[in-house]
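Below is one structure, written out as structure tokens; comments come after it.
Computed over heavy atoms, backbone and side chain alike; hydrogens, waters and symmetry mates excluded. Keep in mind that what you see is a predicted model, and the values were worked out from it rather than measured.
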Amino acid sequence: MGVALAAYAVARMNRLHRSYALLQAGEGRETIVDVMGRTIEEFHELQDEVARLQADLAATLRDLSMALRHVSVVRYDAFGDMGGRLSFSAAMLDDGGDGLVLTAIHGRSETRSYMKGVKGGQSDASLSPEEQQAITFALRGASS
């Protein structure tokens with residue numbers, strides 16, 4: 001019985017020695033505690049980087065919502081005797097429907113240009129049917 005107990009004690013001591021060796025630094029080796037500490041530090045650095053990237057993304061999305069990125073052009077013949085649909089109305093709006101509508105009326109001897117402000121898809125100035133159509137098309141693109 002004493003021999004069996006001694007064998008058990010030696011086996012248990014060997015297992016404890018191997019476990020303890022993992023925690024000790026050998027020549028040129030890191031301990032598991034060093035590796036875990038470095039890993040935790042890298043994890044915190046990654047968390048900080050993700051937080052910075054989320055803030056940058058939010059700022060970019062705010063800026064992008066104010067960009068005139070919803071554009072529509074309607075071409076038409078302003079006068080019945082002119083051909084080629086050389087007149088146009090172009091709406092350029094941001095995500096909130098704010099922006100402008102630019103119209104060029106092409107005639108035989110001259111071209112006239114008009115620009116009207118748009119706020120929330122509406123204008124204080126009266127709009128031609130073509131200008132309203134350009135705004136409607138641009139807003140439709142903004143909602144999709």
Can you list every pair that meets salt bridge (Lys or Arg N to Asp or Glu O under 4.0 Å) and has a residue in residues 62-71, with sequence neighbours left out?
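Residue pairs passing salt bridge (Lys or Arg N to Asp or Glu O under 4.0 Å), neighbours aside: Arg69-Asp95.
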Selection residues 44-59 - residue pairs positive for salt bridge (Lys or Arg N to Asp or Glu O under 4.0 Å), sequence neighbours left out
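For residues 44-59, and leaving out neighbouring residues, the salt bridge (Lys or Arg N to Asp or Glu O under 4.0 Å) pairs sorted by first residue read Glu49-Arg52.
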Rounded at 0.5 Å granularity, tell me how far [atom1] in [X] sits from [atom2] in [Y].
X: Ser72; Y: Gln133; atom1: OG; atom2: CD; result: 7.5 Å
X: Leu127; Y: Gln122; atom1: CG; atom2: CD; result: 7.5 Å
X: His70; Y: Leu93; atom1: NE2; atom2: CG; result: 8.0 Å
X: Gln132; Y: Phe137; atom1: CD; atom2: CZ; result: 11.0 Å
X: Leu86; Y: Thr111; atom1: CG; atom2: OG1; result: 8.0 Å
X: Ser123; Y: Met115; atom1: OG; atom2: CE; result: 12.0 Å

Flag the pair Ile105 / Phe88 as yes when at least one side-chain heavy-atom distance between them is below 4.5 Å, and no otherwise.
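Side chain of Ile105 against side chain of Phe88, heavy atoms only: no contact under 4.5 Å found.
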How far apart are the closest heavy atoms of Ile135 and Gly121, and which atoms are they?
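That closest heavy-atom pairing would be CG2-O, 3.6 Å.
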Please report the closest heavy-atom contact between Leu68 and Met92, naming both atoms and the distance.
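It is CD2-O, 3.6 Å.
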Between [X] (side chain) and [Y] (backbone), is there a donor-acceptor pair under 3.5 Å?
X: Arg75; Y: Arg85; answer: yes
X: Lys116; Y: Ser126; answer: yes
X: Asp94; Y: Ala67; answer: no

Would Val101 and Leu139 show up in the same hydrophobic cluster when neighbours are defined by side-chain heavy atoms closer than 4.5 Å?
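Yes, because Val101 and Leu139 connect within a single hydrophobic cluster, where side-chain heavy atoms sit under 4.5 Å apart.
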Report the residues that fulfil salt bridge (Lys or Arg N to Asp or Glu O under 4.0 Å) with Glu110, sequence neighbours left out, ordered by chain and then residue number.
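Expected list: Arg112.
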Looking at residues at least two apart in the chain, or sitting in another chain, which of them share a salt bridge (Lys or Arg N to Asp or Glu O under 4.0 Å) with Glu42?
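Listed in chain order: Arg38.
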So, Ser89 and Glu131: side-chain donor and acceptor under 3.5 Å apart, yes or no?
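Note: Ser89 and Glu131 side chains miss the donor-acceptor criterion.
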Would you please name every residue forming a side chain to side chain donor-acceptor pair (under 3.5 Å) with Gln47, sequence neighbours left out?
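Expected list: His44.
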Remaining members of Leu53's ILVMFWY cluster at a side-chain heavy-atom cut-off under 4.5 Å?
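None; Leu53 is a cluster of one.
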